[in-house]
Amino acid sequence: MAAQVEWERKPKGLDANLKDYETAYRTFRWEDVEREFDWVTTGKVNVVHEAVDRHAASSRKDKVALYYTDLERRDERYTFEDLARLTSRFANVLKRLGVKKGDRIGTFLPRTPELYIAILGINRIGAIPVPLFEAFMEQAIQDRLENSEALACVTTPALKPRIPRRSLPALKCLVLVGDEGPLSSDEVSYEREMASASDRCEPEWLTKDDGLIIHYTSGSTGKSKGALHRQYAMVGHYQTAKWALDLRDDDCFWCTADPGWVTGTSYGIYGPWTLGVSSVVLGGRFDPDRWYQTIQKYRVTMWYSAPTAYRMLMSAGEAIPKQYDLSSLRHICSVGEPLNPEALKWVKKITGLAPHETWWMTETGMQLICNYRSLDFKIGCTGKPFPGTYATVVDDQGREVPPGQLGHLVVKPGWPSMMKEIWNNPSKYQEYFRIPGWYASGDSAFKDDDGYIWYQGRADDVIKTSGERVGPFEVESALVAHPAVAEAGVIGKPDAVRGQIIKAFVALRKGHQPSEPLKKEIAEFVKNNLAAHAAPREIDFVEKIPKTRSGKIMRRVLRAWDLGEPVGDTSTMEE
Ligand code: WTA
């Protein structure tokens, strides 16, 4: 291993926000970061004050907070003052609807300025946004709105039919963005309500412990679970955006993630805006030309994206980036799954910059293991723990293992943005602390002699496809809802571009014959009920799904089947 290691060396004296990692790691205190926030002196906490209002009341007032384009119809910019005004209006709209502190409000919107205004408007009155990814279909929406007992949901007429209102008794109202037709009594028009709402709305003053946001994510068992974050998370967002993303006042930052995922809020909203940095949002679909065009158009300086995107750009070839001016870029980071050295080198070839890893999770709320702009790193490694945090590798008992030895990747609890709870599910929350003294990530890793951590994969059955986390149980549940499917088992299958793809093994009900059209139909069914990214790309028909005597699907056996390898010990398998 050691012989193959290649270093990414940094010039001495590089002008990064974090100049000397080792010293910072030794001396860092979160209390010092807290002083950057107004609530330290006022005692009044609300992320909207720190991310918007305080800039709107300062010399940053006319600075652009949000550049938005879909490169077709819309091309807009919003200053911090605009955001203060619009999020106040939206907060007043919600107040009129009777929304109060602590209520959960869904946002089910395409990536448009209204989505950002809605999330911060919800935060302004101390309610809790529940962002729902725009590609979710009915079952995925139902699971999340039902579990969070959301009182209202902000959506569009096009997405509205996917909200199963009859089975969501807690959902009292829809706010429709861009509606044209008549509204029913429990619907209001975003535009009309905004037009008549006041520009002023003092934030609801909260405590550090009050709710910030709920992001639903997947585990290896059960339905998706809601990670609730607290207001105090902003301290972590701020400092990691400063030191890992290396954001500066004059940056133009592009985080390509949708706010339906944690990256799109921690680093699409809270991190850059608590720092007062300008952010770019590109609406619409992924397309290499549009992406390079966006960097060129806004002269993006800092780019934060995911390995699948970098690999898709790579497979689209070098001729495309050559047509664009990418010289504004000065730093690039990556998140979601490991970035393979080949893709890292390709990005470096076309931009001159190597993407820096940032490892973290929905539950951790902020980046925890990273490569830093001023610190030499080894290509392919995940990085070093963020100052003020401790991440390491342990055995089943929680004892740290020697360098080079594989173990559980864990974090010492207590960093600022650690999730507060799993919504409505205390036992799921406890599962993260099953290794005494540690937060267990579910990843496996090793540490090398120089203290670099190397991610080695998930230790459980969670699937990462195109950087998106998918729980096998959710897909299996969607599969067995199809009339031809008796049983289903789902695994992640390694894939060069997507990291993993979803592969399903399906046992058919009596009277149904395996066929290619049936495979397509079943995949389509999952796509239409759950989400396109959760639909299996490969389906194998089998007689029976291998299960333990207690009824647990043996995914290890499915993986062996997939590779055509021996299945190993099957002594626990049912007859
Ligand atoms: C994986 C995304 C390797 C990991 C913010 C983790 C990574 C899971 C990296 C969380 C990285 C994330 N290198 N693996 N830089 N970043 N992961 O909740 O398995 O969607 O446990 O959060 O993604 O996925 P989630």
Side-chain angles (χ1 to χ4, degrees), residues 131 133 213-220 224-229 233 236-237 240-241 244-245 255-268 270-271 304-311 332-341 343-344 347 354-372 377-386 391 393 408-411 417-419 422 428 431-432 438-446 452-471 474 492 494 498-500 531 533-534:
F133 185 44
I213 195 161
I214 297 177
H215 276 290
Y216 278 82
T217 189
S218 304
S220 50
S224 67
K225 46 196 173 175
L228 169 68
H229 289 284
H237 301 149
T240 47
L245 301 179
C255 168
T256 64
D258 189 284
W261 314 115
V262 72
T263 310
T265 61
S266 290
Y267 300 105
Y270 304 126
Y304 191 29
S305 196
T308 298
Y310 295 130
R311 288 194 290 262
I332 301 181
C333 287
S334 176
V335 62
E337 51 178 318
L339 183 65
N340 49 310
L344 178 146
V347 175
H356 287 55
E357 286 284 8
T358 61
W359 177 96
W360 58 295
M361 305 175 67
T362 306
E363 296 86 337
T364 74
M366 67 182 234
Q367 301 155 340
L368 283 175
I369 304 170
C370 311
N371 288 318
Y372 305 92
F377 71 84
K378 303 180 190 188
I379 293 176
C381 82
T382 314
K384 293 197 172 192
F386 195 81
V393 181
H408 307 286
L409 179 54
V410 296
V411 188
S417 60
M418 187 174 96
M419 63 174 164
I422 294 292
K428 273 271 181 237
E431 281 176 24
Y432 290 93
W438 302 103
Y439 163 87
S441 67
D443 289 350
S444 53
F446 69 86
Y452 288 92
I453 293 173
W454 296 72
Y455 168 91
Q456 295 295 290
R458 286 292 303 178
D460 59 18
D461 297 322
V462 168
I463 300 165
K464 265 282 168 152
T465 179
S466 299
E468 277 153 28
R469 200 163 140 187
V470 177
E474 261 194 299
R498 295 188 158 79
Q500 290 182 314
H533 68 268

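These numbers come from the heavy atoms of this one structure, side chains and all, not from hydrogens, waters or symmetry mates. Every number for a ligand or one of its atoms is a count from 1 in the order of the listing.
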(request) Under the side chain to side chain donor-acceptor pair (under 3.5 Å) rule, collect the residues that match up with D258, sequence neighbours excluded. (result)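 With sequence neighbours excluded, D258 shows a side chain to side chain donor-acceptor pair (under 3.5 Å) to R111, given in chain and number order.
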
(message) Is it the case that ligand 1 has an N or O less than 3.5 angstrom from some N or O of R458?
(response)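 Yes - when backbone and side-chain N and O of R458 are compared with those of ligand 1, one distance drops under 3.5 Å.
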
(message) Below the 3.5 angstrom mark, is there an N/O of T382, backbone or side chain, next to an N/O of ligand 1?
(response)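 No; the residue has no nitrogen or oxygen that sits under 3.5 Å from a nitrogen or oxygen of the ligand.
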
(message) Using heavy-atom distances only, which candidate in H215, M361, E337 approaches atom 7 (C) of ligand 1 most closely?
(response)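 Going through H215, M361, E337 one by one, E337 has the nearest heavy atom to atom 7 (C) of ligand 1.
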
(message) If you take the nearest heavy atom of each of W360, W359, W454, which one is closest to atom 10 (C) of ligand 1?
(response)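 Checking each option, the heavy atom nearest atom 10 (C) of ligand 1 is found in W360.
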
(request) Quick one: list whatever passes ring-ring contact (aromatic ring centres under 6.0 Å, His included) with Y452, sequence neighbours left out. (result)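 With sequence neighbours excluded, Y452 shows a ring-ring contact (aromatic ring centres under 6.0 Å, His included) to W7, given in chain and number order.
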
Show me which atoms of ligand 1 lie under 4.0 Å from any heavy atom of [X].
X: E357; result: 11 (C), 13 (N), 15 (N)
X: V335; result: 5 (C), 16 (N)
X: P338; result: 3 (C), 13 (N), 14 (N)
X: T362; result: 18 (O), 20 (O), 22 (O), 25 (P)
X: G336; result: 1 (C), 7 (C), 9 (C), 12 (C), 16 (N), 17 (N), 23 (O)
X: T263; result: 5 (C)

(message) Which residue and atom name correspond to the protein heavy atom nearest atom 20 (O) of ligand 1, and how close is it?
(response)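 That would be K464 NZ, 3.2 Å.
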
(message) Can you tell me which portion of D443 lies within the under-4.0 Å heavy-atom range of ligand 1? Options are side chain, backbone, both, or neither.
(response)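 For D443, only side-chain atoms sit under 4.0 Å from ligand 1.
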
(request) Could you tell me whether L339 approaches ligand 1 through its side chain, its backbone, both or neither, with non-hydrogen atoms closer than 4.0 Å? (result)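 No part of L339 is near ligand 1 at this cut-off.
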
(request) Mind running side-chain contact (heavy atoms from CB on, under 4.5 Å) on T382 and L409 for me, showing each step along the way? (result) CA-CA 11 Å; T382 314; L409 179 54; over 6 Å; no

(request) Ignoring hydrogens and angles, state whether a donor on the side chain of T358 or Y304 is under 3.5 Å from an acceptor on the partner side chain. (result)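 Side chains of T358 and Y304: pair found under 3.5 Å.
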
(message) What I want to find out is whether R311 reaches E337 closely enough, with some N-O distance under 4.0 Å, to be called a salt bridge.
(response)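 Judged by the 4.0 Å cut-off on N to carboxylate O distance, R311 and E337 do form a salt bridge.
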
(message) A side-chain contact here means heavy atoms from C-beta on lying under 4.5 Å apart; do S466 and H533 qualify?
(response)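 S466 vs H533: side chains apart.
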
(message) Classify the ring geometry of H356 against F377: parallel below 30°, tilted from 30° to 60°, perpendicular beyond 60°.
(response)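 Correct class here is perpendicular.
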
(request) Decide side-chain contact (heavy atoms from CB on, under 4.5 Å) for Y310 and I332; before the verdict, give the C-alpha distance in whole Å, the side-chain angles of both, and the deciding distance to 0.1 Å. (result) CA-CA 11 Å; Y310 295 130; I332 301 181; 3.2 Å; yes

(request) Could you grab the distance from atom CG of L245 to atom OG of S266, nearest 0.5 Å is fine? (result)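 L245 CG to S266 OG: 10.5 Å, rounded to 0.5 Å.
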
